[in-house]
Amino acid sequence: MKYTYYPGCSVKATANLYQESIDSIAPALGLELEELEDWNCCGATAYMSVKELMSFAISARNLALAERFHRDVVTPCSACYLVLNKTNHYFADYPDMRKKLGQALEAGGLSYSGNIKVRHILDVVVNDVGVEKISTLVKKKLTGLKVAPFYGCQIVRPEEGFDDPDEPESMDRLIEALGATSVEYSMKTKCCGASLMGTEEKLALKLCRTILAEAERSGAHCIITLCPLCQMNLDVYQFKVNNMFKTKFNLPVMYFTQLIGLALGMPARDLGLNRLAVKISGQNKSIIEGA
Amino acid sequence: MLDKEVVYEATLDHDFLDEIYSLPGGQEIKKCIQCGTCSGSCPQGAVMDHAPRKIFSLIRAGFRNEVLESNTIWLCSSCYSCSVRCPKEIKITDVMYALKRLAIKEGKAKRGRKASILSKNFVRLVNKYGRNHETELMTRYIVQAELFNALNFVPQGMKLFTNGRLPLFPHKIKNIEQLRKILKKVDELGGI
């Protein structure tokens, strides 16, 4: 299965551990991810806050570059997934926008017909590879491990999304396929605070605290997520949540691709697990790595 | 309640609604039935000056300043929870983006000073390199918006750095000229 791969800026920087785990598991899952040459930033939420048409135009450059390969675009980042999809929607639904975007791309020697499908890597793993296939590849069943899947917001929000906006189950099915247990908790599609962590830290820490508290209350040994910003806020800022609320959370927050890698028997270092801010240690280590 | 300042019809701005209508998808706000699903779904609703339902009511009545100067638009984290739940399919998150742009344009983003500094620097970096460079983005942001609070950012920066997650150098795309030509054309076409 071959796809055009759009990593996004975070995956090349603060979320490099996500990329490392994707690189490790993709061949085992039979996924061929060919990186889109010379891709640019999707615009995320910040660009759209300042300039609308420019934001859609830079996003559309990626879709135009991808079009000549006639393959689905796959991205591991929820923000890239949402923004690229939104660009497709506006391109299709608003003729005036479509005309202007066409003119802008033309100035750069590009064109776009609007026919490239943008998908999240979770969708591809769960629906194209399939959980049944993955369960047959498992070398080390994660029996006894309780995992809280955190979907966050942007992956489940696009109108034609691959999972339910309020009750998604893709990661739950995946967790079960790896032999682990997916815990029930109420926060799995709530907001982690996203970029508010930079500008309104206390507010964002409060959101993270509720997510961590609910995951812990459900008995989870770890959280898995699929978005660079969710992972950063829940992992790197977990010590700040603890400082602010006098809590003692010690929950490793992994990417779902890292959990797959562990079940496929891959070494922690190949999966970027050494880069987690909240280390897999103590009792967690024996449960997660010994599962 | 009695000493609350009364807003007279004459001080309201009826063009405001037309501006929102003129956005792609903006006409949808006519359909708002004030059900409050948006406000109830909003993770930040409790700390906003006016939760989303009230914002729509204020827009329709022409309370330009109250809307553009509120903290509401800057606390929207684009989680799209309201948008997917809205029974009238109003693109609420996109309206919030439009309000952010209007507030910046009209110099009314005082409550969103920090968020707008972050966003403007993001735009500058993407226009310069074609990609975001998180390290430079946060450095610029701290210098411009949080200089006296800079120490607060050190511990998380160190956590990223020691785990090899903080690249020091930006990556510039090869065909930055193509991106600039596209942006220049958009500029000529107008709009914000």
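The figures here come from the full heavy-atom set of this structure, side chains too, leaving out hydrogens, waters and symmetry mates. Please read these numbers as outputs of a predicted model, since none were measured by experiment. All chains are named by letter (A, B, ...) in the order of the sequence lines, taking the proteins before the strands, and each is independently numbered beginning at 1.
- Note: B/Gly130 leads B/Gly112, B/Ser41, B/Pro155, B/Gly130 in heavy-atom pairs under 4.5 Å with chain A.
- In this model, no donor atom of one side chain and acceptor atom of the other lie less than 3.5 Å apart for B/Asn132 and A/Lys12.
- A distance of 11.5 Å separates OG in B/Ser119 from CE in A/Met48, rounded to the nearest 0.5 Å.
- A/Met232 places a side-chain heavy atom less than 4.5 Å from the side chain of B/Leu160.
- Only the side chain of A/Met97 has a heavy atom closer than 4.5 Å to any heavy atom of chain B.
- Remark: B/Arg85 engages A/Asp166 in a salt bridge, criterion side-chain N to carboxylate O under 4.0 Å.
- Residue A/Glu106 does not touch chain B at all, counting heavy-atom pairs closer than 4.5 Å.
- With chain A as the partner, the residue from B/Glu188, B/Arg131, B/Gln178 showing the most heavy-atom pairs under 4.5 Å is B/Arg131.
- Of all the heavy atoms in A/Ala104 and B/Val186, the pair that sits closest is CB-CG2, 3.7 Å.
- Atom OH of B/Tyr21 has more than 12 heavy atoms from other residues, nucleotides or ligands within 6.0 Å.
- Side-chain contact between A/Ile58 and B/Ile182 is absent, with no heavy-atom pair separated by less than 4.5 Å.
- Both the backbone and the side chain of B/Ile173 come within contact range of chain A, with heavy atoms under 4.5 Å apart.
- Residues A/Leu207 and B/Gln44 have side chains in contact (heavy-atom distance under 4.5 Å, counting atoms from C-beta outward).
- Residue A/Glu167 qualifies as open at atom CD: its count of foreign heavy atoms under 6.0 Å is 12 or below.
- By number of non-hydrogen pairs under 4.5 angstrom with chain B, the leading residue of A/Asn16, A/Asp38, A/Leu203, A/Leu196 is A/Asp38.
- Neither the backbone nor the side chain of A/Leu101 comes within contact range of chain B; no heavy atoms are under 4.5 Å apart.
- Inter-residue side-chain proximity for B/Glu134 and A/Cys9 is flagged as unmet; no heavy-atom pair is nearer than 4.5 Å.
- A side-chain N or O of A/Lys240 and one of B/Gln156 form a donor-acceptor pair less than 3.5 Å apart.
- The side-chain heavy atoms of B/Tyr80 and A/Gln154, taken from C-beta on, include a pair separated by under 4.5 Å.
- Remark: the backbone N or O of A/Val236 is not paired with any side-chain donor or acceptor of B/Lys159 at under 3.5 angstrom.
- Shortest non-hydrogen contact noted between B/Leu183 and A/Tyr47 is CD2-OH, 3.7 Å.
- A 6.0 Å sphere centred on CD of A/Glu37 holds no more than 12 heavy atoms belonging to other residues, nucleotides or ligands.
- The residue among A/Gly152, A/Gly193, A/Gly43 with the most heavy atom pairs within less than 4.5 Å of chain B is A/Gly43.
- B/Lys184 NZ: 12 or fewer foreign heavy atoms inside a 6.0 Å radius.
- Residues A/Asn40 and B/Tyr129 fail the side-chain proximity criterion, which asks for heavy atoms closer than 4.5 Å.
- By the neighbour-count criterion of 12 heavy atoms within 6.0 Å, atom CG of B/Leu151 is sparsely surrounded, having that number or fewer from other residues, nucleotides or ligands.
- The parts of A/Ala13 that come within reach of chain B are both its backbone and its side chain, each placing non-hydrogen atoms under 4.5 angstrom from that chain.
- Of the possible donor and acceptor atoms, none in the side chain of B/Arg165 sits under 3.5 Å from a partner among the backbone N and O of A/Ala15.
- Using a 4.5 Å cut-off between heavy atoms, B/Asn152 touches chain A through backbone and side chain atoms alike.
- Between chain B and the residues A/Leu276, A/Asp96, A/Thr210, the most heavy-atom pairs under 4.5 angstrom are made by A/Leu276.
- A/Leu105 touches chain B through backbone and side chain together, each having a heavy atom under 4.5 Å away.
- Proximity to chain A involves both the backbone and the side chain of B/Pro43, based on heavy atoms less than 4.5 angstrom apart.
- Using a 4.5 Å heavy-atom threshold, the side chains of A/Ser49 and B/Arg101 count as separate.
- Heavy atoms of B/Val123 lying under 4.5 Å from chain A belong to its backbone as well as its side chain.
- The 12-atom threshold is exceeded at CD of A/Gln103, counting heavy atoms of other residues, nucleotides or ligands nearer than 6.0 Å.
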Please evaluate residues B/Asn175 and A/Arg61 with respect to the criterion side chain to side chain contact (heavy atoms under 4.5 Å, CB included), reporting the C-alpha separation (whole Å), side-chain torsions for both, the decisive distance (0.1 Å), and the verdict. CA-CA 11 Å; B/Asn175 208 345; A/Arg61 176 179 177 266; 3.8 Å; yes
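- Checked for salt-bridge contact, B/Asp187 and A/Lys51 miss the test: no charged N lies under 4.0 Å from a carboxylate O.
- The residue among B/Leu23, B/Ile73, B/Leu75 with the most heavy atom pairs within less than 4.5 Å of chain A is B/Leu75.
- Contact annotation for A/Ser55: neither backbone nor side-chain heavy atoms come within less than 4.5 Å of a heavy atom of chain B.
- If you measure heavy-atom distances from B/Lys174 to chain A, the contacts under 4.5 Å come from both the backbone and the side chain.
- The heavy-atom pair separating A/Arg275 from B/Gly164 by the smallest distance is NH1-O, 3.2 Å.
- Of the two parts of A/Phe56, neither the backbone nor the side chain holds a non-hydrogen atom closer than 4.5 Å to a non-hydrogen atom of chain B.
- Looking only at heavy-atom pairs under 4.5 Å with chain A, the residue among B/Leu166, B/Ile176, B/Asp94 that has the most is B/Asp94.
- Heavy atoms of A/Lys279 lying under 4.5 Å from chain B belong exclusively to its side chain.
- Of the listed residues (B/Lys181, B/Glu177, B/Glu146), the one with the most heavy-atom contacts under 4.5 Å to chain A is B/Lys181.
- For A/Lys206, no part lies under 4.5 angstrom from a heavy atom of chain B.
- When heavy atoms are compared at a cutoff of 4.5 Å, B/Glu89 does not approach chain A at all.
- Contact annotation for B/Phe122: only side-chain heavy atoms (C-beta onward) come within less than 4.5 Å of a heavy atom of chain A.
- No other option in B/Ser81, B/Ser77, B/Pro167 has as many heavy-atom pairs under 4.5 Å with chain A as B/Ser81.
- Taking 4.5 Å as the limit, every side-chain heavy atom of A/Val50 sits out of range of all side-chain heavy atoms of B/Tyr97.
- The 12-atom threshold is not exceeded at NZ of A/Lys202, counting heavy atoms of other residues, nucleotides or ligands nearer than 6.0 Å.
- For chain B, the nearby part of A/Asn274 is the backbone; its heavy atoms alone come within less than 4.5 Å.
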